[in-house]
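Here's the structure, in structure tokens; my notes come after.
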Amino acid sequence: MSDTINHSVRIVHLVTGEHVICNFTQVREEDKFVAYQLLYPLALSLSNAPEAPEEFNVSYRRWNPYTPYEDHRISPTSVISAMPPAGEILQNYVAKLKEAGVDLSFLPNNGAEILGETTQSATTEGPVAAGVS
């Protein structure tokens, strides 16, 4: 995975102490920043891996199971930080959304690159393209 971040998936640390992974954007009204949008948020929790105490297991659950809506607006003052997730956590998150039937069009290539799915390319490179044998 490259160092370029071409998506807006972030792990958001909230003042409540919760960590949420989501598609994280700003909500603007009349060109004024009014809130953050958490789209498809999942709460993250850590537990020690029994087989390796120095490692952790990450659990994912719906952040707000009390509503069927997956588009939440929160106050800017409720966010401590918003950082890109580690590669494996990003892959797990996108896989969970795909399993749930979520439209992944908010991700580049609908998340295919993140999930490690190869895309067929019609471009021919190398000696075949140059007519060299």
Side-chain angles (χ1 to χ4, degrees):
M1 189 171 270
S2 67
D3 291 340
T4 304
I5 299 167
N6 58 357
H7 59 78
S8 56
V9 175
R10 298 292 184 267
I11 294 183
V12 182
H13 183 188
L14 301 171
V15 295
T16 59
E18 296 170 289
H19 288 86
V20 178
I21 187 168
C22 62
N23 188 51
F24 184 74
T25 56
Q26 292 184 0
V27 176
R28 295 187 163 281
E29 292 176 1
E30 299 176 12
D31 220 26
K32 182 181 176 193
F33 170 54
V34 295
Y36 285 117
Q37 177 189 40
L38 279 61
L39 186 61
Y40 308 117
L42 295 178
L44 302 173
S45 59
L46 287 177
S47 60
N48 284 74
E51 64 281 354
E54 67 282 352
E55 294 180 15
F56 295 96
N57 291 326
V58 178
S59 299
Y60 304 80
R61 67 167 177 78
R62 286 190 62 217
W63 179 57
N64 188 345
Y66 306 108
T67 177
Y69 299 101
E70 295 294 343
D71 182 351
H72 303 276
R73 311 293 163 100
I74 62 171
S75 166
T77 59
S78 61
V79 174
I80 293 174
S81 67
M83 299 295 295
E88 189 174 336
I89 291 174
L90 177 62
Q91 287 174 338
N92 287 341
Y93 173 69
V94 173
K96 288 182 183 311
L97 293 183
K98 186 174 183 177
E99 288 170 16
V102 170
D103 176 5
L104 299 177
S105 61
F106 66 90
L107 294 168
N109 298 325
N110 293 316
E113 184 178 318
I114 292 168
L115 294 171
E117 298 170 350
T118 57
T119 55
Q120 295 293 327
S121 174
T123 306
T124 305
E125 297 178 357
V128 174
V132 178
S133 54

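Just so you know, residue 1 is the first one in the sequence shown, and it goes up from there. All heavy atoms count here, side chains included; hydrogens, waters and symmetry mates do not.
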Could you note down all residue pairs passing ring pair (Phe, Tyr, Trp, His ring centres under 6.0 Å) where residues 66-88 supplies at least one of them, sequence neighbours left out? Trp63-His72
Please test Leu107 against Ile114 for side-chain contact (heavy atoms from CB on, under 4.5 Å), starting from the C-alpha separation and ending with a verdict. CA-CA 9 Å; Leu107 294 168; Ile114 292 168; 4.0 Å; yes
If you define the side chain from C-beta out and look only at heavy atoms, does anything of Thr25 sit under 4.5 Å from Leu39? no
Please list all pairs passing the ring pair (Phe, Tyr, Trp, His ring centres under 6.0 Å) test where one or both residues lie in residues 87-109, with sequence neighbours left out. Tyr40-Phe106
Val20 reachable from Leu97 in the ILVMFWY side-chain graph, under 4.5 Å edges: no
Identify, with sequence neighbours excluded, every residue that meets ring pair (Phe, Tyr, Trp, His ring centres under 6.0 Å) alongside Tyr36. Phe24, Phe33
Partners of Ile80 by side chain to side chain contact (heavy atoms under 4.5 Å, CB included), sequence neighbours excluded? His13, Val15
Rounded at 0.5 Å granularity, tell me how far CE in Met83 sits from CZ in Arg10. 8.5 Å
side-chain contact (heavy atoms from CB on, under 4.5 Å) assessment of Lys98 paired with Glu117: CA-CA 13 Å; Lys98 186 174 183 177; Glu117 298 170 350; 2.6 Å; yes
Determine whether Leu104 and Val94 make a side-chain contact, defined as any pair of heavy atoms from C-beta on separated by less than 4.5 Å. yes
Give the other cluster members for Val34, using side-chain heavy-atom distances under 4.5 Å between Ile, Leu, Val, Met, Phe, Trp and Tyr residues; answer none if it is isolated. Val27
Starting from Val79, can I reach Ile11 by hopping between I/L/V/M/F/W/Y residues whose side chains sit under 4.5 Å apart? no
Hey, any chance Leu38 and Val102 share a hydrophobic cluster, counting ILVMFWY side chains that come within less than 4.5 Å of each other, even indirectly? no
Output side-chain donor-acceptor pairs under 3.5 Å for residues 41-55, partner residues at least two apart or in another chain, one line each.
| from | atom 1 | to | atom 2 | distance (Å) |
| --- | --- | --- | --- | --- |
| Asn48 | ND2 | Pro53 | O | 3.0 |

Do the side chains of Val12 and His19 get nearer than 4.5 Å, heavy atoms only? no
Just by modelled atom types, is the Thr67 backbone N or O under 3.5 Å from a matching donor or acceptor in the Arg62 side chain? yes
Distance in Å, Ile74 CD1 paired with Cys22 SG, rounded so as to fall on 0.5 Å steps: 7.5 Å
Please report the interatomic distance CD(Gln37) to OG(Ser8), rounded to the nearest 0.5 Å. 8.5 Å
Asn110 and Ser105: side-chain hydrogen bond (donor to acceptor under 3.5 Å, both in side chains), yes or no, with the steps? CA-CA 5 Å; Asn110 293 316; Ser105 61; 4.9 Å; no
Can you tell me how far apart NE2 (His7) and CD (Glu113) are? Round to the nearest 0.5 Å. 9.5 Å
For Val9 and Asn23, which heavy atoms make the closest approach, and how far apart are they? N-OD1, 4.1 Å
